[in-house]
Structures are given as C-alpha cells and as structure tokens.
Amino acid sequence: MTRVHDMGGRFGDGPVQPQADAPVFEQDWHGRALAVTLAAGALGQWNIDVSRHARERLSPKDYARFSYYEKWMSALADLLVETGVLTQEELRGADPAQTALAARKLTACKVHETLAAGGPADRPSSIAPLFQRGDRVRTRRIATNRLVDGGHTRLPRYAAGATGHILRYHGTHVLPDSAAHGLGDAPEPLYAVAFRADQLWANPEHAEDEVILDLWQSYLEPAS
Amino acid sequence: MPHDHHDHDHPHALLPPDPALRVKALETVLTRKGLIDPQALDAIIDTYENRIGPRNGADVVVRAWTDSAFKQALLQDATAVVSKLGYYGRQGEHMVVVENTDQTHNMIVCTLCSCYPWPLLGIPPAWYKSDAYRARAVREPRKVLSDFGVSLPEDTAIRVWDSTAEIRYLVLPQRPPGTEDMSRTDLMSLVTRDSMIGTGLARSPDKAGP
C-alpha cells in the first residue's frame, strides 16, 4: 500500500550534497520542463492534487530512475492523454487536431498575472474544527486514502499511528485525498500537528526534537 | 480518473527517452495544437531565473530584523504581510514564517514531493528535491545539518516542518551579532537562501563576501 514517493525517514540515501551557487535551471530543458508544465496546467484540465498524484503514480522503477524534471515531463504526458487534451497518436507525432481548448492558451502577456494570482487552497467548509491548540491527537494507523484504494494522500507513512499535539489551525482547505481523484474539493479543517521525535523514530537524535506536519481533520482522532 | 497503470500503459513511454528531447516533443505537439505559446514559456523561465528568487525572502528577513512591529505582524499573519510587499503568488498562497531562537531551530522539508515557497525563494535547489534530503531531514536533522557544515548547541531543539499541505514555510534566521550598525543592503548579503530553509545560519559579517 505504500508509494515510492513517500520517503520520509527512509534509510540508505547517503549524504545531502549542498550547492551554494548552482544556476536556477541546471540544464536548459529543466526550465523548459517547468514552463511547459505550468503552461499546460493553466489550461485548467486538472488541479494541483491531480498533478502531484500523476507523479506519484509513475512506476517505482521510473520514479527512482527519473530525475526531478523527467518525473514532471512523464507525469504531464500521462495527464495530457488521460484528460483527453492529447491523443496517443498526437503524442507519437501525428498531425494534431485543433481543439476549442486553444481559447484557454496561456499567452505571454498573461504569465505575470497568472503566476501572481496563484491558486489558494482554502475554501469555506461546513465541517467545524474539532480540535484546539494543545489538544492531543493521533493520526490514522495506516497512511492510506479512504476514498480510493491506493489513492493519493498527504499523510506520510512515517507519521501514521503517531500521537502529537495541535500547534496551529490553518482554516479549512481542499482535501487532496478527494481532489486528486475528481471527487470534489471536500474542504475540511487543516492543522499543524507537532510530534516528538521519539514518537516517530526508534532511535531519535534528540527525543525532544519535533517534526511538524500539516494534517487534515479526517486524518486525526482525539488521543488521551 | 484511473489511479494505477501497468508500466507499458503509461503514455509517457511514447515519447523519446532522452529528457531534453522529451520536453521538446511535448512543447512541439502542444504548440502545434494551439495550446502553448512558446513566448509564454520564455516569460515563465525569465520570471524564475531573473525576477523571483531568494532576494525576496532576504528582503522580508531584513525588514523583520530591523522593525519589531513588522516582525510581530509577519509571525502573526505572514501571507498578509508579504502580500503587501508583492510577494504573493503561485506556491506561496498560504505563508507561515517561523522564527529561529537560541532555544529552537527550524528546518523546512517536503518529504512527499518538493513543496517550497516560490514567491519568496524561487525554484528549489537540486539538493532540496533530492531523495537524501527528503528521506533524512525528518529522521536525522542534525546529521543533515552537518552535511551543510552547521552544528547546533545540544540544548537547541530542532523543529522540522514537513510541508504536507499547501502551507509554505519560511525560516526567519537569527540576526548575527555585531550587525547593529549595518545598512539594509549589507544585511541582505548575510541572508542566504539556506538560512531561510533552515539548513544554514545567516552569515557572520566577518565572513560575508565583498
């Protein structure tokens, strides 16, 4: 039931290799990949949760061997076909058919405005917050999507079944478990939840260090 | 939407394997279909190469160092405060700023993907997106800090923020001692990108570059 992208706490990856002065895009195609992805996203055929899930659905073999922007490109190609924006034949190089979607093309003069507008994820919700700052909560025992078997979720495996306390309330936000699967925004209360390191790890560096995660109310239950 | 496939069903397998050619192929088909404007792509790249980057974050940090009312407002409602400075936008719609003190050091990661506060820091560096950082920052932050040449006092607690929702975090690093008389411009040069992610500290003035 796990996915390869859910790598928090994993062993064996070796040192982090900081680079102070690398260019923003180390290869020209990296910038192009980012830009194609943003421009295709602006067509409005999917939301950010669908697009994250498309990267996570790459096979573990592809996810592990692809570089960062290769994941983006591959997931984008998959999404374009799945949403019917492109056909497989067009992807293979056939002459593309014209489409009414072209009216939504992101033009150069709209780029600044579009990036500056962003895409906020807070929404009004009829679900009242159950928890207050300081309340002790426990996360779902198994980090899994409850709406779609094997679907997208934002509860990392390392924090499943852990007890922590509410640090902040963020308001009501789109639930990725729903929005990634075309099931609606389903907004609900979102909290920053603090976990002591010794709640998460067998051999923490310092028991009192903390990891904070942003978690939706339906990921949580009251803990004593 | 289907949520799983076998490898051979993935449409991306229809594209050339070389990544640069793969990008080119997608850009070409989308352009021919009237769905992408290549000049818009140039404008997006220009935005993140030249206009939006860690200088935005450093501006916010220096304002917080030099204006206590600004700092209080920033820690209370970062989104409202940075929006007024023009630092609102994609991947920075819901901002929270967390302050480093002698007692607490904050570090930001996204273990599930690579969420990062774009309007304040730009596009994340390769190491932030690496498997090693994503895997290790939550379990052994002190060892990760040592990869960056940073060691903290034993009695400083670490808080690692895993960006699992659309909230984006920026670390407010501690102002180095001996900087009381420095100009805004000189202070800006002390605020590194890594100090705002929490994998570094602000530079000491004697170690700052020219």
Side-chain angles (χ1 to χ4, degrees), chain A residues 5-10 13-19 22 24 29 31-33 35-36 38-39 43 52 59 68 70 73-74 77-78 81 88 90-92 96 99 101-102 105-108 111 115-116 118 120-121 148 150-151 154 156 170 173 181-182 190 201 205 208-214, chain B residues 1 3-4 7 10-12 14-15 19-20 22-23 26-27 29-30 32-37 39-41 43-45 47-49 88-90 93 111-113 122-123 125-127 129-136 138-142 144 147-148 157-162 164-167:
Chain A
H5 72 281
D6 183 2
M7 60 181 69
R10 185 172 81 179
D13 284 289
V16 179
Q17 293 171 334
Q19 279 175 292
V24 173
W29 70 266
R32 222 65 197 161
V36 170
L38 297 191
L43 296 169
R52 277 202 191 101
S59 72
Y68 182 74
E70 283 179 279
M73 280 299 91
S74 302
D78 295 345
V81 171
Q88 300 222 3
E90 288 169 338
L91 213 51
R92 284 196 187 95
T99 163
L101 201 54
K105 175 170 72 178
L106 176 67
T107 54
V111 164
L115 296 176
V148 178
R154 296 292 285 181
H170 293 306
H173 280 235
H181 298 281
L190 176 72
W201 317 113
E205 289 180 324
E208 289 170 24
D209 286 346
E210 288 179 314
V211 181
I212 322 289
L213 296 93
D214 288 324
Chain B
M1 182 158 304
H3 58 268
D4 229 327
D7 287 7
H10 280 276
H12 68 251
L14 301 170
L15 290 167
R22 184 167 276 201
V23 177
L26 270 180
E27 180 182 339
V29 61
L30 288 166
R32 287 177 69 202
K33 209 170 161 70
L35 297 175
I36 269 188
D37 171 3
Q39 289 183 318
L41 304 189
I44 294 169
I45 293 165
T47 300
Y48 292 112
E49 274 188 335
Y88 179 87
R90 190 185 176 89
E93 295 91 347
T111 62
L112 295 174
C113 42
I123 300 299
W127 62 258
K129 302 179 280 201
S130 69
D131 288 4
Y133 187 70
R134 289 168 54 187
R136 294 178 51 218
V138 283
R139 182 172 49 77
E140 46 183 17
R142 290 166 197 269
V144 169
D147 290 346
F148 287 82
I158 297 188
R159 274 190 162 172
V160 183
W161 299 77
D162 188 356
T164 43
E166 298 304 328
I167 316 297

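None of the values given here were measured: they were computed from a predicted structure. We name chains A, B, ... by the order of the sequence lines, and we start the count at 1 in each one. These values consider heavy atoms only, across backbone and side chains, with no hydrogens, waters or symmetry-generated copies.
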**Q** Using 0.5 Å steps for rounding, measure from the CG atom of A:L91 to the NE2 atom of B:H12.
**A**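 Output value for this atom pair is 10.5 Å.
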**Q** Taking the side chain from B:R139 and the backbone from A:R10, do they hold a donor-acceptor pair closer than 3.5 Å?
**A**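 Answer holds: yes.
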**Q** A:R92, A:K105, A:E205, A:E70: which one forms the most heavy-atom pairs within less than 4.5 Å of chain B?
**A**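 Of the options given, most contacts go to A:E205.
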**Q** So, the side chain of A:D214 versus the backbone of B:T164: is there a donor-acceptor pair under 3.5 Å, distance only?
**A**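 No.
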**Q** Roughly how far, to the nearest 0.5 Å, is CD of A:E90 from CG of B:L14?
**A**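 Reported value, rounded in 0.5 Å steps: 12.0 Å.
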**Q** Is it the backbone or the side chain of B:P19 that comes under 4.5 Å from a heavy atom of chain A, or both, or neither?
**A**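 Looking at B:P19, backbone and side chain both touch chain A.
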**Q** With chain A, which of B:T47, B:L41, B:V144 has the greatest number of heavy-atom pairs at distances under 4.5 Å?
**A**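 Result: the option with the highest number of such pairs is B:L41.
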**Q** Let's test your reading of the structure: which of A:R154, A:H173, A:Q19, A:H170 forms the most heavy-atom pairs below 4.5 Å with chain B?
**A**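 Most heavy-atom pairs under 4.5 Å with chain B: A:R154.
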**Q** Can you tell me if CD on B:Q39 sees more than 12 non-hydrogen neighbours from other groups inside 6.0 Å?
**A**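 Check fails, neighbour count at 12 or below.
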**Q** Who wins among B:K33, B:R22, B:R90, B:E140 for the most heavy-atom pairs under 4.5 Å with chain A?
**A**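 Looking at each of B:K33, B:R22, B:R90, B:E140 in turn, B:K33 comes out on top.
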**Q** Side chain from CB out, backbone as N, CA, C, O: work out which of these in A:V111 comes under 4.5 Å of a heavy atom of chain B, or both, or neither.
**A**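 Just its side chain gets close to chain B.
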**Q** A:G31 and B:I45: which non-hydrogen atoms are nearest, and at how many Å?
**A**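 Closest approach of A:G31 to B:I45: O-CG1, 3.5 Å.
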**Q** For B:R136 and A:G14, indicate whether the former's side chain and the latter's backbone hold a donor-acceptor pair under 3.5 Å.
**A**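 Side chain of B:R136 to backbone of A:G14, a donor-acceptor pair under 3.5 Å: yes, one is there.
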**Q** Could you check which of B:R159, B:K129, B:E93, B:R142 has the highest count of heavy-atom pairs closer than 4.5 Å to chain A?
**A**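 Option with the top pair count is B:R142.
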**Q** Are B:V160 and A:I212 close enough that some pair of their side-chain heavy atoms sits under 4.5 Å apart?
**A**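 No, every pair of side-chain atoms sits at 4.5 Å or beyond.
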**Q** What pair of heavy atoms forms the shortest contact from A:P96 to B:V29, and how long is it?
**A**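 Closest pair (atom of A:P96, atom of B:V29, distance): CG-O, 4.3 Å.
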**Q** Can you give me the closest heavy-atom contact between B:D37 and A:L106, atom names plus distance?
**A**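 Of all heavy-atom pairs spanning B:D37 and A:L106, the closest is CB-O, 3.5 Å.
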**Q** How close do B:A132 and A:P15 get, heavy atom to heavy atom, and via which atoms?
**A**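 Heavy atoms only, the tightest pair is CB-O, 3.7 Å.
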**Q** Would you find a donor on one side and an acceptor on the other, under 3.5 Å apart, between the side chain of B:D162 and the backbone of A:L213?
**A**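 No.
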**Q** If you count heavy-atom pairs within less than 4.5 Å of chain B, which of A:P18, A:A77, A:A102 leads?
**A**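 Greatest number of close heavy-atom pairs with chain B: A:P18.
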**Q** Once you round to the nearest 0.5 Å, how far does OH of A:Y68 lie from CG of B:D131?
**A**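 Interatomic distance, A:Y68 OH to B:D131 CG, rounded to 0.5 Å: 12.0 Å.
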**Q** Ignoring hydrogens, what is the shortest heavy-atom contact between A:A116 and B:Y88? Give both atom names and the distance.
**A**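 In this case the closest contact between A:A116 and B:Y88 is O-CD2, 3.2 Å.
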**Q** Side chain, backbone, both or neither: which part of A:H5 has a heavy atom under 4.5 Å from chain B?
**A**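 Contact with chain B is through both the backbone and side chain of A:H5.
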**Q** Name the region of B:L15, side chain, backbone, both or neither, that has any atom closer than 4.5 Å to a heavy atom of chain A.
**A**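 Interface part for B:L15: side chain.
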**Q** So, taking the atom named CD1 in B:I167 and the one named CG in A:L190, what distance separates them when rounded to the nearest 0.5 Å?
**A**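 Rounded to the nearest 0.5 Å, the CD1-CG separation comes to 5.5 Å.
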**Q** Shorter than 4.5 Å, heavy atoms on both sides: which option in A:V24, A:T99, A:L115 has the most such pairs with chain B?
**A**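 Of the options given, most contacts go to A:L115.
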**Q** Is A:R52 close to chain B through its backbone or its side chain, or both, or neither, when contacts mean heavy atoms under 4.5 Å?
**A**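 When you check distances to chain B, only side chain atoms of A:R52 fall under 4.5 Å.
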**Q** What distance separates A:Q17 CD from B:F148 CZ, expressed to the nearest 0.5 Å?
**A**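 If I round to the nearest 0.5 Å, the distance is 10.0 Å.
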**Q** Using a 4.5 angstrom heavy-atom cutoff, name the option from B:P141, B:S130, B:A126 with the most pairs to chain A.
**A**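 Looking at each of B:P141, B:S130, B:A126 in turn, B:P141 comes out on top.
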**Q** Under 4.5 Å heavy-atom distance to chain A, tell me which part of B:L30 shows up: side chain, backbone, both or neither.
**A**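 When you check distances to chain A, only side chain atoms of B:L30 fall under 4.5 Å.
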**Q** Would you confirm whether A:W201, through its side chain, and B:V138, through its main-chain N or O, come within 3.5 Å as a donor-acceptor pair?
**A**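 Here the side-chain-to-backbone pair exists.
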**Q** How long is the span from the CH2 atom in B:W161 to the CD atom in A:E210, to the nearest 0.5 Å?
**A**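 Those atoms lie 8.5 Å apart.
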**Q** Examine whether an atom of A:L43 lies under 4.5 Å from a heavy atom of chain B, and if so say whether it belongs to the side chain, the backbone or both; otherwise answer neither.
**A**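 The side chain, not the backbone.
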**Q** Return the option, out of B:A157, B:A135, B:G89, with the maximum number of heavy-atom pairs under 4.5 Å with chain A.
**A**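 So the answer, after comparing B:A157, B:A135, B:G89, is B:A135.
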**Q** For a quick test of reading the model, state the closest non-hydrogen atom pair linking A:D209 to B:I158 and the distance between them.
**A**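 Of all heavy-atom pairs spanning A:D209 and B:I158, the closest is OD1-N, 2.9 Å.
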**Q** Side chain from CB out, backbone as N, CA, C, O: work out which of these in A:A22 comes under 4.5 Å of a heavy atom of chain B, or both, or neither.
**A**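 Contact with chain B involves no heavy atom of A:A22 at all.
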**Q** List for me each residue that meets salt bridge (Lys or Arg N to Asp or Glu O under 4.0 Å) alongside B:R134, sequence neighbours excluded, and say none if there are none.
**A**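 Once residues adjacent in sequence are excluded, B:R134 has no partner under the salt bridge (Lys or Arg N to Asp or Glu O under 4.0 Å) criterion.
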**Q** Checking the side chain of A:D78 only, and the main-chain atoms of B:H10 only, is there a donor and an acceptor separated by less than 3.5 Å?
**A**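 Here the side-chain-to-backbone pair does not exist.
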**Q** Apply ring pair (Phe, Tyr, Trp, His ring centres under 6.0 Å) to B:Y48 and list each qualifying residue two or more places apart in sequence or on a separate chain.
**A**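 So B:Y48 forms a ring pair (Phe, Tyr, Trp, His ring centres under 6.0 Å) with B:W118.
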